[in-house]
Enquirer: 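Sharing a structure below in structure tokens format, with a few things to ask.
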Amino acid sequence: MKQELEQLLLAALARLTGNVLPDPPAASAVAVERTRDAQHGDFATNLALRLAKAARRNPRELATAIVEALPASSLVARTEIAGAGYINYHLAPAPYARELAAIHSQGAAYGESRLGKGERVLVEFVSANPTGPLHVGHGRQAAYGATLANILSAVGFDVAREYYINDAGRQMDILTLSTWVRYLEGCGERLVFPENGYRGDYVRALAQKLAAAVGEELRRPAAAVLANLPADAPAGDKDAYIDALIERARELIGAQGFRRVLELALAEMLADIRGDLAEFGVVFDHWTSERAFAESGAIDHALAVLEASGRLHRQDGAVWFRATEFGDEKDRVVVRENGQKTYFASDIAYHLAKRERGFARLIDVLGADHHGYVARVRAGLIAMGQPGDCLEATLIQFVSLFRGAEKIPMGKREGQFVTLRQLRAEVGNDACRFFYLMRSHEQPLDFDLELAKARSNENPVYYIQYAHARVASVMKQLAARGLFFERVQGLAAHALLSGPQEQAVLRSLTRYPEIVEQAALNRAPHALAHYLRELANVFHTYYNAQGFIVDDTPLRNARLALVLGVQQVLRNGLALLGVSAPESM
RNA sequence: GCGCCCGUAGCUCAGUUGGAUAGAGCAUCAGGCUUCGAACCUGAGGGUCGGGAGUUCGAAUCUCUCCGGGCGCGCCA
């Protein structure tokens, strides 16, 4: 609808260009918007206000000229000029009826478009280190990333979902060591757990699995483990201590033994994360291992590309990337003095590889604490000859959990953070996903467990699901009365849908494709969540104002066609959000 | 110190190429079930859009400044 009105406007402007208007305005400037107030019609444009200066005419005069130049259309019942120079469109009934028929004929596909033109997009999200279970912050990133991918896919982008497994580097070594120390404890050795180790209970579970797999094969006496180590915190340096301990572990159980513990811990953690996400309705097309990526030589390839373009230099025994040439505040190390490549090197190589795999657009869904990192990776991409704007980062703000008014403390250090699994078990997947998505990702989220669990009017999830279930209930009632819905008659009788609530439902219903597009372009799934609430609201209002199962058969079928349209759109929207649409509740 | 994000009703938040009288939910108050599901609906009150200045026909939206909150600034990942 909206696009057709914009086409009409463009045609009008084309006619005026040369006489009334000096230059043809940019097509992107020609926009029609939904009105907020029904008094102003269905759609409006402020075009005359925008062009008035360039045309050197007063806005109302220009608006009159535009309206007179508009081609005739069956869409528009009438136009009027209002306020300072707005052009308001009052739509004819026909376009609404056509749109309702489209909902019925397209079903689950209604709302899809070809906006993205098949452009290949890689959405990378969650990518949490496999050193512990996912927590509630990852849950938000998972819900956001999965939903954004769904929405982009719906509007015609060719989307791939990817999880990057940070399975190389020191954090994995620390997890491995933590597991081994717990395993030794389980064997009966007495040692103090390192300050910098992973303290969560899940590490004990890993240790038990290890014991089940190897028995006491990897047991070493505590005295040998602890001999001649630097002091741990608080007296000493906890980083130096744990690095020494990792080194000691490698000496005592050998590189192979260490590797064996690492593989077991990694496999267990990944299985946990994968299962957790799958239960949450979040699935990935690719799980990319950093370790495998590094072993493939891809980092060396990226460094060679940088070297060839003259962006590297050596200083203090390390290799540096000249990030300052791209606006960064300082140059960045890519190969350390000890010969190890940095995380940054691996990450720009990874992003280069994404491009080389054929993705036009790279969307990284990151925690808000990563914001300083984006510019650097972009600089790396540009230095390697890639367009800087192909990389887009959406930063997801943090989640605070509340139980009513009481804030739940979260700290990895104490090992008492709330996991996504715990959260889902407590409030359920539907409420969980909806609560994550109903706020802008740019806004810190206060997640109230009591509210999410409440089966009450305070809970917006049920409000929307209830509308869906109510329609299902109406259809059951219809069957119970021995009646049947006649779709063809219902759609043909659209002229009977003239009541104010019916008009409001039609207006809201037909906004859906626009909302999906807007949510996609703005990377804003929450816009869809808000819309669904509004649609549920106009439906509930209609439900309370009118009976649907009336004796007048054409009227009954027209109303049923309308509410079935509402049900379809609710179902489609909830599907994008990853929330179920129950027939009864 | 430098950088990024945020500040809108009592509370939680929508409000994106600047646009008409700034909107929802919750809470409060007043109403609505003999009817297809009351997990619903109708109505009312509630605002210096953090403060100030600027840009212009027009600013919650753009710019500057100040105040307040969150987060980043490693040869860690």
Side-chain angles (χ1 to χ4, degrees), chain A residues 26 28-29 31 33 35-37 39-40 44-46 49-50 52-53 58-59 82-86 88 129 131 166 168-172 174 239 290 315-320 329-330 332-344 346-347 367-375 395 397-398 400 402 405 438-440 442-446 448 451 454-467 469-478 480-481 518 521-522 524 526-527 529-531 533-534 536-537 539-550 559-560 563 584-585:
Chain A
S28 61
E33 292 174 341
T35 55
R36 219 174 0 182
D37 187 337
Q39 279 184 352
H40 298 141
T45 182
N46 60 3
L49 291 165
R50 303 168 64 88
K53 188 175 275 184
N58 86 51
Y86 295 95
N88 293 341
N129 286 348
T131 53
N166 292 115
R170 183 159 174 264
Q171 299 305 319
M172 279 312 299
I174 294 177
D239 282 307
E290 183 189 6
Q315 189 186 316
D316 305 330
V319 182
W320 299 70
E329 54 193 17
K330 53 190 287 194
R332 305 291 171 180
V333 172
V334 288
V335 183
R336 294 201 287 270
E337 199 175 355
N338 63 12
Q340 285 194 332
K341 289 149 198 145
T342 60
Y343 178 79
F344 173 65
S346 136
D347 222 29
D369 52 339
H370 283 67
H371 66 74
Y373 200 67
V374 179
L395 300 170
Q397 296 294 321
F398 294 134
S400 301
F402 285 78
M438 70 180 179
R439 303 297 180 218
S440 162
E442 295 173 336
Q443 196 77 231
L445 178 65
D446 288 340
D448 184 345
L451 183 58
R455 283 175 166 54
S456 75
N457 61 340
E458 296 174 49
N459 194 328
V461 190
Y462 298 111
Y463 185 84
I464 298 168
Q465 291 182 323
Y466 183 45
R470 253 184 162 175
V471 178
S473 176
V474 168
M475 298 312 285
K476 278 178 215 148
Q477 187 60 225
L478 183 77
R481 296 187 194 181
Q518 182 200 328
L521 294 175
N522 293 336
H526 75 280
H530 281 268
Y531 164 77
R533 208 213 165 271
E534 183 208 290
N537 177 244
F539 167 76
H540 285 309
T541 300
Y542 181 33
Y543 183 95
N544 277 273
Q546 295 278 318
F548 306 149
I549 305 176
V550 292
R559 287 179 176 171
L560 291 173
V563 298
S584 68
M585 44 197 293

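Here is how names work: the chains are called A, B, and so on, in the same order as the sequence lines, proteins then strands, and each is numbered from 1.
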Enquirer: Would you find more than 12 non-hydrogen atoms of other residues, nucleotides or ligands less than 6.0 Å from A/Q315 atom CD?
Expert: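 Check passes, neighbour count above 12.
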Enquirer: With rounding to whole Å, what would you report as the distance between B/C62 and B/G58 at their C1' atoms?
Expert: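 The same atom, C1', in both gives a distance of 13 Å.
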Enquirer: Please pick, from B/C6, B/A20, B/G25, the nucleotide with the shortest atom-to-atom distance to any side-chain atom of A/T35.
Expert: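 Among the listed nucleotides, the one closest to the side chain of A/T35 is B/A20.
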Enquirer: Provide the Watson-Crick or G-U wobble partner of B/A30, both distances under 3.5 Å; none if there is no partner.
Expert: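 Because both required distances fall under 3.5 Å, B/A30 counts as paired with B/U42.
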Enquirer: For A/Q443 and A/R439, test the side chains for any donor-to-acceptor distance below 3.5 angstrom and give the result as yes or no.
Expert: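 No.
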Enquirer: When you check the gap from the basic side-chain N to the acidic O, do A/D347 and A/K341 get nearer than 4.0 Å?
Expert: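 Looking at A/K341 together with A/D347, the answer is no, because their closest N to O distance does not fall below 4.0 Å.
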Enquirer: Looking at every strand, decide which applies to A/M475 at a 4.0 Å heavy-atom threshold: base, sugar-phosphate, or nothing.
Expert: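 Nothing, no heavy atom under 4.0 Å.
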Enquirer: Using the P atoms only, state how far B/A60 lies from B/C49, rounded to an integer number of Å.
Expert: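 That atom pair is separated by 8 Å.
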Enquirer: Using the C1' atom on both, measure B/U17 against B/G10 and round to a whole Å.
Expert: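 Here B/U17 and B/G10 have their C1' atoms 35 Å from each other.
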Enquirer: Please determine, for the side chain of A/E33, which listed nucleotide (B/C6, B/U17, B/C75) has the closest atom?
Expert: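 Taking heavy atoms from C-beta onward, the closest nucleotide is B/U17.
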Enquirer: Report yes if a side-chain nitrogen or oxygen of A/T541 is closer than 4.0 Å to either non-bridging phosphate oxygen (OP1 or OP2) of B/U42; otherwise report no.
Expert: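 So the side chain of A/T541 is within the cut-off, an N or O lying under 4.0 Å from OP1 or OP2 of B/U42.
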Enquirer: What heavy-atom pair brings A/S584 and A/K476 nearest, and what distance separates the two atoms?
Expert: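 Closest approach of A/S584 to A/K476, heavy atoms only: CB-NZ, 3.9 Å.
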Enquirer: Looking only at side-chain N and O atoms, does A/Q340 come under 4.0 Å of OP1 or OP2 in B/C76?
Expert: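 No, outside the criterion.
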Enquirer: Under 4.0 Å between any heavy atoms, over every strand shown, what does A/A168 touch: base, sugar-phosphate, or nothing? Just pick one.
Expert: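 If one applies the 4.0 Å heavy-atom cut-off, A/A168 turns out to touch the sugar-phosphate alone, with no base involved.
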Enquirer: How many whole angstroms separate atom CD of A/Q171 from atom C1' of B/G74?
Expert: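 The distance from CD of A/Q171 to C1' of B/G74 comes to 13 Å, rounded to the nearest Å.
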Enquirer: For A/Y86 and B/A20, is the gap between ring centres under 5.5 Å while the planes differ by less than 30°?
Expert: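 Stacked: centres under 5.5 Å apart, planes under 30°.
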Enquirer: Between A/Y543 and A/Q39, which has a closest nucleotide on RNA chain B that is more 5'?
Expert: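 Counting from the 5' end, the first nearest nucleotide belongs to A/Q39.
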Enquirer: Please check the phosphate of B/C57 (OP1 and OP2 only) for any side-chain N or O of A/R50 closer than 4.0 Å.
Expert: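 Result: no.
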Enquirer: Report yes or no: do A/E290 and A/S346 form a side-chain donor-acceptor pair below 3.5 Å?
Expert: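 Result is yes, a qualifying pair exists.
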Enquirer: What is the distance, to the nearest angstrom, from the CD atom on A/Q397 to the P atom on B/C13?
Expert: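 A/Q397 atom CD is separated from B/C13 atom P by 12 Å.
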Enquirer: Distance check, P atoms only: B/G74 and B/G3, in whole angstrom units.
Expert: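 Result for the P pair: 16 Å, nearest Å.
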Enquirer: At less than 3.5 Å, do the side-chain atoms of A/H371 and the base atoms of B/C71 form a donor-acceptor pair?
Expert: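 Indeed there is one.
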Enquirer: With sugar-phosphate meaning primed atoms plus P, OP1 and OP2, does A/A469 contact a base, only sugar-phosphate, or nothing at under 4.0 Å between heavy atoms?
Expert: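 Base, at least one base heavy atom under 4.0 Å.
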Enquirer: Send over the distance from A/Y542 OH to B/U42 P, rounded to a whole Å.
Expert: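 So the two atoms are 15 Å apart, to the nearest Å.
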Enquirer: Closest approach to the side chain of A/H540, judged atom by atom: which nucleotide of B/C40, B/U16, B/G37 is it?
Expert: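 Closest nucleotide to the A/H540 side chain: B/C40.
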Enquirer: Nearest to the side chain of A/E442, which nucleotide is it out of B/A14, B/C6, B/A77?
Expert: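 Of all the options, the side chain of A/E442 is nearest to B/C6.
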Enquirer: With a 3.5 Å limit on both atom pairs, tell me what B/G1 is paired to, counting Watson-Crick and G-U wobble, or say none.
Expert: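 Pairing partner, where one exists within any strand: B/C73.
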Enquirer: Given that both distances must come in under 3.5 Å, which nucleotide forms a Watson-Crick or G-U wobble pair with B/G23?
Expert: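 WC or wobble partner is B/C13.
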Enquirer: With a 3.5 angstrom cut-off on both distances, give the Watson-Crick or G-U wobble partner of B/G18, or none if there isn't one.
Expert: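 Looking at the geometry, B/G18 pairs with no nucleotide.
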Enquirer: Give one of base, sugar-phosphate or nothing for A/S440, where a contact means two heavy atoms less than 4.0 Å apart.
Expert: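 Sugar-phosphate: the residue A/S440, judged by heavy atoms under 4.0 Å, touches backbone atoms but no base.
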Enquirer: Would you mind reading off the distance between A/Y373 atom OH and B/G74 atom P, rounded to a whole angstrom?
Expert: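 These atoms are roughly 13 Å apart.
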Enquirer: With rounding to the closest Å, how many angstrom separate the P atoms on B/A44 and B/A24?
Expert: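 My reading of the P atoms in B/A44 and B/A24 gives 10 Å.
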Enquirer: Quick one: label A/D316 by what it contacts on the DNA or RNA (base, sugar-phosphate, nothing), any heavy atom closer than 4.0 Å.
Expert: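 Result for A/D316 = base.
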Enquirer: Nearest heavy atom decides the nucleotide; on that basis, is A/V474 or A/T45 closer to the 5' end of RNA chain B?
Expert: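 First, find each residue's nearest nucleotide; the 5'-ward one identifies A/T45.
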Enquirer: With a cut-off of less than 4.0 Å, is there a side-chain N or O of A/Y463 near OP1 or OP2 of B/C41?
Expert: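 For A/Y463, the contact criterion (side-chain N or O under 4.0 Å from OP1 or OP2 of B/C41) is met.
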Enquirer: Is A/N166 close to A/Y343 at the side-chain level, that is, under 4.5 Å between some pair of heavy atoms?
Expert: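 Yes. Closest side-chain heavy atoms under 4.5 Å.
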Enquirer: Taking OP1 and OP2 of B/A77, is either one under 4.0 Å from a side-chain nitrogen or oxygen of A/R336?
Expert: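 Checking B/A77 against A/R336, a side-chain N or O does come within under 4.0 Å of OP1 or OP2.
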Enquirer: In whole Å, what is the span from the CZ atom of A/R170 to the C1' atom of B/C75?
Expert: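 Checked: the CZ to C1' distance equals 13 Å.
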Enquirer: Taking the side chain as everything from C-beta on, heavy atoms only, tell me whether A/Y543 gets closer than 4.5 Å to A/V563.
Expert: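 No; the side chains remain at least 4.5 Å from each other.
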Enquirer: Whole angstroms only, please: what is the CZ-C1' distance between A/R36 and B/A24?
Expert: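 Rounded to whole Å, this separation is 13 Å.
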Enquirer: For the side chain of A/R533, counting heavy atoms from C-beta on, which of B/A24, B/C75, B/A14 is nearest?
Expert: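 Among B/A24, B/C75, B/A14, the one nearest the side chain of A/R533 is B/A24.
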Enquirer: Does A/R470 put a side-chain nitrogen or oxygen below 4.0 Å from OP1 or OP2 of B/A38?
Expert: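 So the side chain of A/R470 is within the cut-off, an N or O lying under 4.0 Å from OP1 or OP2 of B/A38.
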Enquirer: At 4.0 Å (heavy atoms only), tell me whether A/N46 reaches a base, stays on the sugar-phosphate, or touches nothing.
Expert: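 Base contact.
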Enquirer: Starting from C1' on B/A38, measure out to OH on A/Y462 and report it in whole angstrom.
Expert: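 Value for this atom pair: 18 Å.
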Enquirer: For nucleotides B/G45 and B/G52, find the distance between their P atoms and express it as a whole number of Å.
Expert: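 That atom pair is separated by 27 Å.
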Enquirer: What nucleotide among B/A38, B/C41, B/C36 has an atom nearest to a side-chain atom of A/S473?
Expert: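 Ranking B/A38, B/C41, B/C36 by closest atom to the A/S473 side chain puts B/C36 first.
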Enquirer: For B/G7, what is the paired nucleotide under Watson-Crick or G-U wobble rules, both distances under 3.5 Å?
Expert: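 Across all strands, the one nucleotide that pairs with B/G7 is B/C67.
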Enquirer: Mind checking the P distance from B/C6 to B/U61? Whole angstroms is fine.
Expert: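 My reading of the P atoms in B/C6 and B/U61 gives 13 Å.
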Enquirer: Looking at B/G37, which nucleotide sits across from it as a Watson-Crick or G-U wobble partner, both distances under 3.5 angstrom, or is there none?
Expert: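 None - no nucleotide pairs with B/G37, as no candidate has both distances under 3.5 Å.
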Enquirer: Establish, with yes or no, whether the OP1 or OP2 oxygen of B/U21 is under 4.0 angstrom from a side-chain nitrogen or oxygen of A/H40.
Expert: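 False: A/H40 side-chain N/O out of range (4.0 Å or more) of B/U21 OP1/OP2.
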Enquirer: Given B/C13, B/C6, B/G19, which nucleotide is nearest the side-chain atoms of A/L49?
Expert: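 Closest of the options to the side chain of A/L49: B/G19.
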Enquirer: To the nearest Å, give me how far apart CG (A/N544) and P (B/C36) are.
Expert: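 Rounding to the nearest Å, CG of A/N544 and P of B/C36 are 13 Å apart.
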Enquirer: With both distances kept under 3.5 Å, what pairs with B/C62, Watson-Crick or G-U wobble?
Expert: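 By the stated definition (distances under 3.5 Å), B/G54 pairs with B/C62.
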Enquirer: When you check the phosphate oxygens OP1 and OP2 of B/A14, does a side-chain N or O of A/R439 lie under 4.0 Å from one of them?
Expert: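 For A/R439, the contact criterion (side-chain N or O under 4.0 Å from OP1 or OP2 of B/A14) is not met.
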Enquirer: Indicate the atoms forming the closest heavy-atom contact of A/L49 with A/P59, along with that distance.
Expert: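 Looking at all heavy atoms of both residues, the shortest contact is CD2-CB, 3.7 Å.
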Enquirer: Name the closest nucleotide to the A/Y466 side chain, picking from B/A38, B/U17, B/G74.
Expert: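 The closest nucleotide is B/A38.
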Enquirer: Tell me whether the rings of A/H530 and A/H526 are parallel (<30°), tilted (30 to 60°) or perpendicular (>60°).
Expert: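 Plane angle over 60°, so perpendicular.
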Enquirer: Looking only at atom P, what distance separates B/C40 and B/A27, rounded to whole Å?
Expert: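 Each nucleotide's P atom is 10 Å from the other's.
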Enquirer: B/A20, B/C36, B/C75: which one has an atom nearest the side-chain heavy atoms of A/I549?
Expert: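 Selected nucleotide (nearest to the side chain): B/C36.
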Enquirer: For A/V474 and A/I549, work out which heavy atoms get closest and say how close.
Expert: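 So the two residues come closest at O-CD1, 3.6 Å.
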